[in-house]
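Below: one structure, written as structure tokens.
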Amino acid sequence: MSRTEKEKSGITQLGGSTVYPSDYAPQVLETFVNKHRENDYFVKFNCPEFTSLCPITGQPDFAEIYISYVPDEKMVESKSLKLYLFSFRNHGDFHEDCVNIIMKDLIKLMEPKYIEVWGKFTPRGGISIDPYCNYGKSGTVWERVAFERLTRHDMYPERVDNR
């Protein structure tokens, strides 16, 4: 098997026609091998068009979702992540639940050294909600990093004037 074939192994979303899930679909997530395990580095995804539904009213909620992680052996394939995040479009959950579900699904998928998910939801009823969650692999330096980032993540809050 050539290197290209090995790299494509297990990745089914790239190429061909795209099938968009109609509801929450963690099964669309796919991984590939991290070729630089000897390095600790961040991978950051920005999803400026995330949508979900309010579980009470059924009204749409809009957000920017930021996902940053330090990979271990596996990395998430970006098209599968796009399809996964799109799958929340008809899914009803509170903002805080959405970011925690995303983080937990990605932990289960990749077992990263570190991950954080931050949702910046547009206001409804005059208030915006920006839930943040993170995780560091137990027994590693990343467990301590997670605690430090959680306790200091909003020490210098941004000025929110564009929502």
Side-chain angles (χ1 to χ4, degrees), residues 13 20-21 23-32 34 36 39-163:
Q13 303 295 341
Y20 291 91
D23 199 6
Y24 170 68
Q27 67 276 10
V28 302
L29 287 167
E30 296 180 336
T31 63
F32 62 94
N34 176 10
H36 306 282
N39 299 340
D40 283 346
Y41 59 98
F42 272 95
V43 177
K44 184 173 185 178
F45 293 101
N46 303 316
C47 176
E49 299 175 345
F50 179 84
T51 59
S52 61
L53 298 176
C54 173
I56 306 300
T57 66
Q59 293 180 333
D61 290 316
F62 302 92
E64 290 188 38
I65 300 290
Y66 299 93
I67 300 166
S68 295
Y69 74 98
V70 177
D72 195 359
E73 294 180 21
K74 296 185 241 174
M75 301 177 71
V76 66
E77 191 280 314
S78 62
K79 184 173 181 183
S80 75
L81 180 63
K82 291 174 199 174
L83 292 172
Y84 166 73
L85 293 172
F86 179 86
S87 79
F88 280 83
R89 183 171 181 235
N90 295 316
H91 179 75
D93 248 328
F94 292 113
H95 305 334
E96 299 85 351
D97 296 321
C98 288
V99 298
N100 277 281
I101 289 167
I102 292 167
M103 183 184 74
K104 289 176 181 179
D105 284 344
L106 291 172
I107 290 169
K108 183 177 176 184
L109 177 77
M110 298 185 295
E111 300 177 16
K113 294 177 183 180
Y114 175 82
I115 189 168
E116 60 188 31
V117 179
W118 198 343
K120 299 187 179 196
F121 287 80
T122 55
R124 278 206 306 120
I127 190 167
S128 62
I129 301 172
D130 295 348
Y132 170 89
C133 58
N134 74 3
Y135 159 85
K137 191 173 273 190
S138 181
T140 72
V141 65
W142 294 103
E143 184 177 30
R144 189 175 79 242
V145 169
F147 176 77
E148 293 295 323
R149 285 179 75 96
L150 182 64
T151 58
R152 297 180 184 182
H153 93 280
D154 213 12
M155 284 182 66
Y156 306 102
E158 68 204 290
R159 183 171 171 205
V160 179
D161 61 2
N162 63 345
R163 294 190 265 161

**Report entry** Side-chain heavy atoms of Ser52 within contact of Asp93, under 4.5 Å
**Finding:** no
Taken to the nearest 0.5 Å, the spacing of Asp130 CG from Glu96 CD works out to 10.0 Å
Side chain to side chain contact (heavy atoms under 4.5 Å, CB included) filter on Ser78, not counting sequence neighbours, yields Phe45
Hey, is CD on Glu49 packed in by over 12 heavy atoms from elsewhere, all under 6.0 Å?
no
Nearest heavy-atom contact between Phe121 and Asp61 is CD2-CB, 4.2 Å
Can you give me every donor-acceptor pair (side chain of residues 106-116, partner residue at least two apart or in another chain, under 3.5 Å) with its distance?
{"from": "Lys113", "atom 1": "NZ", "to": "Asp40", "atom 2": "OD1", "distance (Å)": "2.5"}
{"from": "Tyr114", "atom 1": "OH", "to": "Glu116", "atom 2": "OE1", "distance (Å)": "2.4"}
{"from": "Tyr114", "atom 1": "OH", "to": "Tyr132", "atom 2": "OH", "distance (Å)": "3.4"}
{"from": "Tyr114", "atom 1": "OH", "to": "Asn134", "atom 2": "ND2", "distance (Å)": "3.3"}
{"from": "Tyr114", "atom 1": "OH", "to": "Arg149", "atom 2": "NE", "distance (Å)": "3.1"}
{"from": "Glu116", "atom 1": "OE1", "to": "Tyr132", "atom 2": "OH", "distance (Å)": "2.7"}
{"from": "Glu116", "atom 1": "OE1", "to": "Arg149", "atom 2": "NE", "distance (Å)": "2.8"}
{"from": "Glu116", "atom 1": "OE1", "to": "Arg149", "atom 2": "NH2", "distance (Å)": "3.3"}
{"from": "Glu116", "atom 1": "OE2", "to": "Arg149", "atom 2": "NH2", "distance (Å)": "2.9"}

Can you tell me if Lys137 has over 12 outside heavy atoms packed within less than 6.0 Å of its NZ? yes
Any side-chain heavy-atom pair from Phe94 and Pro131 closer than 4.5 angstrom? no
When rounded to the nearest 0.5 Å, the distance separating SG of Cys98 from NE2 of His91 is 5.5 Å
Rounded to the nearest 0.5 angstrom, the NZ-CD distance for Lys82 and Glu77 is 8.0 Å
Is it the case that over 12 heavy atoms from other parts of the model lie below 6.0 angstrom from the CZ atom of Phe147? no
**Q.** Any Asn34 side-chain heavy atom under 4.5 Å of Tyr41 side chain
**A.** yes
task: Taking Asn90 for its side chain and Asp23 for its backbone only, find out whether a donor-acceptor pair lies under 3.5 Å.
output: no
In short, Phe50 meets Ile102 closest at the heavy-atom pair CE1-CD1, 4.1 Å
Taking the side chain as everything from C-beta on, heavy atoms only, tell me whether Thr51 gets closer than 4.5 Å to Pro60. no
Residue set satisfying ring pair (Phe, Tyr, Trp, His ring centres under 6.0 Å) with Tyr135, at least two apart, ordered chain then number -> none
Looking only at heavy atoms, the pair that brings Lys74 and Tyr69 closest together is O-CE1, 4.5 Å
message: Closer than 3.5 angstrom, by distance alone: can the side chain of Thr57 be matched with the main-chain N or O of Cys54 as a donor-acceptor pair?
response: no
**Prompt:** Hey, is Glu148 close enough to Arg152 for a salt bridge, meaning N to O under 4.0 Å?
**Reply:** yes
Is the number of heavy atoms from other residues, nucleotides or ligands under 6.0 Å of Arg124 CZ greater than 12?
yes
In terms of heavy-atom contacts, Ser128 and Thr122 come closest through CB-C, 4.4 Å
Closest heavy-atom pair, Phe86 versus Pro21, reported as atoms and distance to 0.1 Å, is CE2-O, 3.7 Å
Output for pair (Thr140 OG1, Arg144 CZ), nearest 0.5 Å, gives 9.5 Å
- Answer yes if the ring centres of Phe88 and Tyr24 are under 6.0 angstrom apart, and no otherwise. yes
Query raised in the report: Taking side chain as C-beta onward, heavy atoms only, is Leu83 less than 4.5 Å from Tyr20?
Result: yes
*asked:* Using side-chain heavy atoms (C-beta onward) and a distance below 4.5 Å, is Val145 in contact with Val70?
replied: no
